[in-house]
Amino acid sequence: MEVLKFGGTSVSNATAISRVLDIVDGARSRGKVVLVSSAVSGCTDALIAMSKADAREREKAAKAILERHYAIASRLFTGKERRDVFQVLLDTCKDLLDANPDDYQTFGELFSTRIIAAKLHCDGVGALWVDSRDLIRVRKGKVDKEVSYKKIREAIKVHPEVEVFVVPGFIASDERGHVCTLGRGGSDYSAALFAAALGADDLQIWTDVPGIMTTNPKDVRTARTIPQISYDAAFLLAAHGAKVLYAPSVQPAMESELEMHILDTFHPDLPGTVVKALPRSAHGAWVGIACEKLEDESRLCLVADGPVEPQAVSDLRSRLGRANIVPRDIFPEGDDHIIVVLAPGDEVEALRTCHYICFETEDSVDVYLAGEGKVGSALLDIISKTDNRINVRLVSRHESEDGEFFEKMMAEASGKSVFVDCTDSETIYKWYVPVLEAGINVVSSNRRALSVPYAEFALMKRTARRMRRFLRYETTVGAALPILDSINMSANSSDEILSIEAVVSCTLNYILTSGLPFAEALSRAQEIGLTEKDPSMDLGGKDAVRKLLILAREAGVPLEESDVEVEPVDGSKADGSQRFVASIEKDLSQPKGYRASIRLKTVSPDDPAWNVRGTDNMISIRSAFHPSPLLIQGAGEGARMAASSVLNDILR
Ligand code: ASP
Ligand code: MG
């Protein structure tokens with residue numbers, strides 16, 4: 001059982017609701033789902049305004065609210081289904097006009113969830129709308145957990161056939177059985193109560209930002225996602241004004257030891273934030289800053305993951321002073337958080353300065369990732385588990401989205417951003433130059449992008465140099481082996497490269513050294529995912545040509561595909577004493593000064609290539625000033641390894 005809660009922006013129009021349904025589909029494949037939804041964004045505010053208006057204005061307001069939901073429904077439904085949903089919405093609107101104005105605000109979630117439940121039903125999903133007003137009970141202004149949990153469990157238990165329970169968030173009923181709310185932002189709390197009552201496997205809060213961030217990204221552009229945070233710190237941030245999470249929702253999750261995942265509906269592939277039990281650190285490091293605007297003052301709350309240094313308050317005061325910010329007061333509220341009180345209007349400037357002091361250290365970078373195949377997803381996984389320096393800001397899975405992805409990135413990226421290309425797209429390289437020109441660094445594991453015609457490659461390199469940005473692509477040859485770097489070092493130290501011999505085709509190497517008949521070895525290589533999507537790319541030497549172009553260009557040779565002599569592999573003649581070798585060799589009779597070839601070479605035990613087995617790669621570089629060749633050998637395959645090499649390119 002998973003509990004998924006969607007905020008107002010996530011259900012604010014038909015397109016957003018379709019995204020929600022995709023996410024729910026994913027969860028449904030794992031088991032039962034409780035879907036808790038907020039009201040459509042702006043609706044609760046409109047209802048509160050309506051309750052304060054006079055009778056004529058009220059009718060108009062109700063009509064506007066109804067129209068907004070009709071507009072959503074008319075894009076999601078057709079024919080009879082549309083008429084049925086319209087009727088349900090109309091009935092809800094009549095109930096609204098009949099209700100006590102104090103209760104108007106409880107109607108937003110009724111509208112939104114009825115649309116969602118109807119849509120699931122039309123799609124053939126076993127969905128049931130559940131009235132949370134009957135289940136969540138409030139006594140003396142507080143949720144009575146004992147009673148509420150029992151009612152929730154019973155309501156779910158009697159419907160074993162249902163796949164998705166659709167629950168309006170925010171609303172409950174009081175001891176008189178009268179409808180009430182859980183407070184503004186309360187749908188998060190509804191979701192946490194359901195998850196705790198049901199012992200859910202997962203509690204996901206889907207919102208419109210990529211998780212809990214170091215501060216509100218609308219105020220501070222360099223804010224970044226916090227990969228994991230303790231219940232206490234999340235509570236403090238929420239209680240002091242961070243809108244991403246409703247503070248009371250933390251407690252039920254903590255009591256039931258349930259992890260909360262805060263995720264972005266609009267970028268479902270981003271790792272988001274996990275709220276969970278974390279040990280307090282002995283020397284508190286800053287986690288995040290919340291900002292709260294009160295009537296006659298503003299307050300920042302700086303939260304750490306353990307006790308902060310005794311001099312933290314005076315340090316902060318003097319650093320703010322240097323930025324000409326004079327707070328009304330600064331004081332520690334507990335040992336792990338500090339409150340800064342400001343005159344109204346001063347908060348954004350102070351927030352930026354505090355954020356800079358706490359988080360914008362030298363080594364933090366923003367990453368924009370394209371491509372979520374094996375390497376891309378391994379990279380996301382490594383980052384979310386281990387690396388706090390990296391903030392993943394945007395992920396594009398589909399090439400069709402590239403335009404939108406790039407526009408957005410170029411509009412928002414800061415100078416420390418890196419665009420990471422983990423696709424195998426042939427055309428994406430066209431973006432490299434504009435991206436570099438926008439001041440964004442580029443890291444690529446996509447060898448198609450670097451083996452384009454030399455003029456285009458050279459333009460990328462020149463642009464990177466001119467913009468003082470890096471373009472790194474170590475992973476494109478020999479995965480994590482430091483091959484390109486080594487060539488670069490020789491080539492840049494006025495050494496002269498005499499030859500490069502490279503055994504860099506994992507597929508062919510595997511086939512040649514497997515001891516199996518050719519055809520059998522090939523299908524085994526395909527099975528274990530070694531080959532390119534089209535294995536003829538490997539056998540015909542196309543993939544090796546790409547690698548050789550990259551190698552040669554790194555050594556300063558402007559090699560083109562047409563310069564390479566390729567002898568394709570003849571399966572019937574291949575045997576274990578052969579290696580598939582890509583090489584360039586100094587030869588002044590050639591137009592570019594080097595002969596480039598790709599062929600099967602018969603090797604003897606004293607050839608370094610002899611020892612290369614399976615998916616290992618090997619490269620030997622001979623240069624004028626080094627009497628014996630530089631040999632680099634090691635694993636040439638593996639998504640996790642390639643991802644860590646990409647990470648190294650991002651950070652070094
Ligand atoms: N719709 C309610 C509000 O705007 C509850 C929520 O969205 O969580 O406060
Ligand atoms: Mg909210």
Side-chain angles (χ1 to χ4, degrees), residues 3-13 16-17 20 34-52 61-62 64-66 68-69 72 89 92-93 96 99 101-117 129-133 135-136 138 141 143 148 166-174 179-196 203-209 211-212 216 218 234-235 237-239 241-253 260-266 275 292-293:
V3 177
L4 277 62
K5 179 263 173 178
F6 295 91
T9 330
S10 306
V11 295
S12 62
N13 56 52
I17 291 179
V20 165
V34 173
L35 187 171
V36 179
S37 177
S38 290
V40 167
S41 62
C43 186
T44 308
D45 287 335
L47 288 163
I48 292 173
M50 174 175 156
S51 69
K52 293 178 185 144
I65 290 169
L66 182 61
R68 176 136 190 236
H69 290 91
I72 297 174
L89 294 172
T92 310
C93 190
L96 165 64
D102 287 341
D103 298 337
Y104 287 176
Q105 57 173 323
T106 63
F107 278 77
E109 276 71 8
L110 300 180
F111 282 112
S112 64
T113 49
R114 283 188 166 131
I115 295 178
I116 295 170
W129 186 86
V130 184
D131 195 340
S132 42
R133 291 170 296 192
L135 307 182
I136 300 183
V138 174
V143 171
S148 305
V166 181
V167 178
F170 187 48
I171 50 178
S173 54
D174 62 16
V179 65
C180 63
T181 79
L182 300 176
R184 290 310 304 271
S187 297
D188 295 345
Y189 195 19
S190 312
L193 292 167
F194 268 80
L203 168 57
Q204 302 172 5
I205 307 286
W206 289 87
T207 176
D208 57 358
V209 287
I212 301 182
N216 187 343
K218 289 181 187 118
F235 176 82
L237 289 174
K243 295 225 172 51
V244 57
L245 191 65
Y246 184 49
S249 64
V250 176
Q251 208 197 11
M260 302 175 88
H261 294 259
I262 320 293
L263 297 156
D264 184 346
T265 309
F266 301 89
V275 184
E292 191 176 20
K293 286 173 208 154

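Values below: all heavy atoms of this structure, side chains included; hydrogens, waters and symmetry mates excluded. Whatever order the structure lists them in is the order used to number ligands and atoms, beginning at 1.
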Residue pair Cys93 / Phe111, side-chain heavy-atom distance below 4.5 Å: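 With C-beta onward as the side chain, the pair touches.
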Donor-acceptor pair, side chain of Thr207 and main chain of Asp264, under 3.5 angstrom: no
Interfacing atoms of ligand 1 (cut-off 4.0 Å, heavy-atom, Ser38): 6 (C), 7 (O), 8 (O)
[X] near ligand 1 by a heavy-atom separation under 4.0 Å:
X      : result
Gly185 : yes
Gln105 : no
Gly186 : yes

Charged N-O contact under 4.0 Å between Asp188 and Lys243: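 Here Asp188 does not pair with Lys243 in a salt bridge, since their nearest N and O are not under 4.0 Å apart.
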Polar atom proximity, Thr44 to ligand 1 (N or O, under 3.5 Å):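 Between Thr44 and ligand 1 (N or O atoms, distance only) the closest approach is under 3.5 Å.
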For atom 1 (N) of ligand 1, the option (of Lys243, Arg184, Glu109) bearing the nearest heavy atom: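 That would be Glu109.
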Non-neighbouring partners of Arg133 that pass side-chain hydrogen bond (donor to acceptor under 3.5 Å, both in side chains), sequence neighbours left out: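 Result, side-chain hydrogen bond (donor to acceptor under 3.5 Å, both in side chains) vs Arg133: Asp131.
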Counterpart residues, ring-ring contact (aromatic ring centres under 6.0 Å, His included), relative to Phe107 (two or more places apart): none
